[in-house]
Amino acid sequence: MAMPTTAARTLTRQRRSSDLTSLVTNITSCLQTLTPQNLNPKHINPTPLNQFSSHLDSNLVIEVIKEQQPNPYQALFFFNWASNLNPNPKKYTHNHQCYVAIIDLLLSHSLFSIAINLLEKHGMFSDLIVSKLIRAYGYSRDVKGAIFWFHKVKAIQQGKCLFSWNAILGVLVKVSYISLAKTFFDQILNDAIVKPDVSTYTAMMRGFCKVGMVEDARKVFDEMICEPNLISYNTLINGYCKKGDMENARIFFCRMMETNDCFPDTVTYSTLIDGYCKKGEFDEAMKWMDGMLIRGCKPNLWTYNAIIYGLCLRGNVDEARKLLTKMRLNGVKENAVTHLSILKGLSVAEKSDEAIRYFNKMIRKGMKLDAKEYGVVINVYCKMRKPDEAASLFKKMQAEGISRSVGCFNAVLRILMETGELDKAVFLLRQEKNMGCLPNFVSYSTVICGLCRTQGRMREVAELVDDMLQDGFEMDATMYSCLVSGYCDADNEKMAMRVFYESINKNYVINVQSFLVFINLMCGKGKVFEAEQILKEMCRKCSLVDVDSYQSVLHDQLNKHSGRGI
C-alpha cells in the first residue's frame, strides 16, 4: 500500500480544518437561533442540535465554546447538551480540555457561581482548573475567595497542586500582600509535598521587587532549586532598575549572558534602557540601545518611550519628536505615555505656548487624557502666571470625569495669592471638596498665610482655620506666626496674645519677624509687662527657642519706644 505524499497529507489537513470551521459556523448559527440567555433555559428545546451529534469530538466542542465568547450562555447551553447526548452515536464525553475551555469562558465574564456549580456537578476540581478560579478571584480583588479555593484544592489534591500554589502566590503579589505571600512561599518549600518550579520562585521575586525588597528577591533567586529562566532574570533586573541600582542590574545581565539557554530579549534591554534614562544617564542608555540592535532585538513601545523620556528630561524635545516619527515608521504606535513625555519636555524647556498647543492638539485628536497630562498644563499656566486658565481646566476635568490632584489645586492657589487675586483663591479653596478633591494642609496654609498678610481679612482667616481644624489638620509654627502677625496688623492684641499662648502650649516657636511685629504692637499700646511675660513663658516652655535672639528683639523695641517717651 502506497504511503500518502506530503502534498496529500497537507490537503487532508486543510479539508479537516475546513470541515471543522464549517461545523463550528453551523453550530453557532443554530445556537443563535435558539438564543439561550440565562443559566437554565428550560423553555428551549435542544433537539435542533442533535443533527451534529455524530460529528462531536473534543476539538469541535472547544472550538464552539471559543466562538461563543460574546455570549457565555450559548456556550454553556451547548456544553450541557453535549454532556447529555441522546442519542450519542460516538459515545462522546467531555475531556479535561473541554472543562478548561468552558471554565475559562465563564470566568472571563465573571460568572463565578455558574462556573463553580458546573465544577461541583461534574466533580472537576483539578489543580489546573481551580488555579484558574483562584486567579479569577484575585483579578476581582476577592482575596478571601482565592485563598478559600486554594485550601479546598489543596485538601482535594493532598497538597499536590503546583498550579494552584503558583496562582495564589500571583494573586497575593498582585494585591501587594507580600508578607502573606512569603508565608505561603515558605510553606511550599518546607512541606516538600510538591516541588516548586521556576514560576513559584519568580512570583515571590516579583513580590519582593514590587515593594522594593530587591535583596530579598536576589536571595530567592540564589536559592532556587531549579534553573532560572528569562522571566526570572528580567524580574530581578527590573527590580534593581526601579531602585536605580544599575550596577547590580548590569551584573545580572552579565550572569544571564553566561548561561547556555537564557539570553536577553527586548524586555531585558528595554528595562535597562528605561532604568538608565530615569536615572538621567542618557548616554549610557543609548549604548544599551546600540547593543540591543546589534543582537537583533527590535525596540518596542517601552523602549521608544524610555528614550523619548530621556530626551525630554534633557530638554531635547525636537530630538524626541524625530524619534516619535521614526517609531511610527517602524510600525510602533505611540500611547499616552509618549505624549506625556513630550508635554513634560516642552514644559522643562520653558516652551509654555508650545506645550499648550500640543495639549490642545491631543484633545482635538480625541486622545484619552488623564490627570497627568492635565497636571502638566495646569503647572505650565501657573508658570505663566495665568491662574484663571489653569483653574478653567479643573472644570474640564470634572466634565470628563478625571480626578484632580490636590497638588494642582495648590499650584493654582499659590499663583492666585501671589497675583493678589485673594477672593478667587478663597473661592477655589472652598470649592475643592465640591470638585472631588480634598484640600490638604498646604492648601489651607497657602491661603490662610496669604490672607494674614492683607489688611481686613482676619475674619475670613478665622473661618478658614475652623474649616481646616474640622478637616483634621493641625496648625504648625509657620501658621501660628502668620496669625500673630495678621492679628497685630489688624490692631487686635487680644487675639494676637491668644494665638501666641496657644502656640506656646503646643511647643511651637513664633518666628522672630512675627515676634518683632507683636512686641512693636504691645509696646505701642503700653503693654510692656505683658510682652515680657509672654517671652518668659515661651522661653520656659518651648525647647527650640533661641532665647538670646528674642531677648535682643525685646530690648531693642523697649529702647526704641522708651526714646519716644513710653
Side-chain angles (χ1 to χ4, degrees), residues 4 8-137 139-140 142 145 149 152-153 156 163:
R9 286 196 297 270
T10 300
L11 183 60
T12 302
R13 283 197 296 270
Q14 288 174 343
R15 283 175 179 169
R16 287 174 181 169
S17 176
S18 176
D19 290 343
L20 179 62
T21 302
S22 178
L23 275 168
V24 171
T25 301
N26 290 335
I27 293 171
T28 298
S29 298
C30 184
L31 287 169
Q32 289 171 347
T33 303
L34 297 172
T35 61
Q37 296 294 329
N38 53 52
L39 177 59
N40 295 305
K42 295 179 180 179
H43 63 286
I44 298 176
N45 187 348
T47 301
L49 288 171
N50 289 346
Q51 60 184 301
F52 305 109
S53 298
S54 60
H55 300 285
L56 282 185
D57 62 25
S58 58
N59 287 335
L60 175 61
V61 170
I62 291 169
E63 290 303 316
V64 171
I65 290 170
K66 289 179 179 177
E67 192 69 19
Q68 312 312 307
Q69 179 60 43
N71 190 338
Y73 294 109
Q74 285 185 181
L76 187 62
F77 185 82
F78 172 76
F79 184 89
N80 288 335
W81 165 78
S83 301
N84 302 285
L85 282 176
N86 187 18
N88 188 355
K90 293 173 66 177
K91 302 190 182 303
Y92 170 80
T93 57
H94 292 313
N95 64 12
H96 186 260
Q97 284 71 31
C98 295
Y99 283 95
V100 170
I102 189 66
I103 292 300
D104 274 340
L105 180 59
L106 293 172
L107 293 178
S108 71
H109 288 268
S110 299
L111 298 173
F112 291 92
S113 60
I114 296 175
I116 291 166
N117 287 337
L118 187 146
L119 294 178
E120 289 177 340
K121 180 180 178 181
H122 297 276
M124 289 298 297
F125 290 111
S126 72
D127 179 25
L128 176 61
I129 288 178
V130 177
S131 73
K132 292 176 177 293
L133 196 59
I134 291 168
R135 286 193 179 91
Y137 272 106
Y139 292 145
S140 66
D142 185 352
W149 279 102
K152 183 159 186 172
V153 73
I156 293 171
F163 286 119

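Quick caveat: nothing in here was measured; it's all calculated off a predicted structure.
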Using side chain to side chain donor-acceptor pair (under 3.5 Å) as the criterion, list what pairs up with [X], not counting sequence neighbours.
{"X": "S126", "result": "H96"}
{"X": "Q68", "result": "T28, Q74"}
{"X": "S108", "result": "Q69"}
{"X": "S140", "result": "none"}

[atom1]-[atom2] distance between [X] and [Y], expressed to the nearest 0.5 angstrom:
{"X": "L118", "Y": "I114", "atom1": "CG", "atom2": "CD1", "value": "9.5 Å"}
{"X": "L133", "Y": "L106", "atom1": "CG", "atom2": "CG", "value": "10.5 Å"}
{"X": "I103", "Y": "M124", "atom1": "CD1", "atom2": "CE", "value": "9.0 Å"}
{"X": "I62", "Y": "C98", "atom1": "CD1", "atom2": "SG", "value": "4.5 Å"}

Indicate yes or no: at least one non-hydrogen side-chain atom of [X] is less than 4.5 angstrom from one of [Y].
{"X": "P48", "Y": "L34", "value": "yes"}
{"X": "L60", "Y": "F52", "value": "no"}
{"X": "L49", "Y": "L31", "value": "yes"}
{"X": "F163", "Y": "I134", "value": "no"}
{"X": "W81", "Y": "S53", "value": "yes"}

Under the side-chain contact (heavy atoms from CB on, under 4.5 Å) test, residues paired with [X] that sit two or more places apart:
{"X": "T47", "answer": "N45, N50"}
{"X": "F125", "answer": "L119, E120, V130, W149, I156"}
{"X": "N59", "answer": "D57"}
{"X": "S83", "answer": "F79, H94, H122"}

Item to check | With sequence neighbours excluded, residues passing salt bridge (charged side-chain N to carboxylate O under 4.0 Å, His left out) with D104 | outcome: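 If we apply the salt bridge (charged side-chain N to carboxylate O under 4.0 Å, His left out) test to D104, skipping adjacent residues, the hits are K132.
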Checklist entry - Do the side chain of S22 and the main chain of D19 share a donor and acceptor less than 3.5 angstrom apart? => result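 Not a single qualifying donor-acceptor pair exists.
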Once salt bridge (Lys or Arg N to Asp or Glu O under 4.0 Å) is applied, what residue pairs with a partner in [range] remain, sequence neighbours excluded?
{"range": "residues 25-34", "value": "none"}
{"range": "residues 106-117", "value": "none"}
{"range": "residues 73-91", "value": "none"}

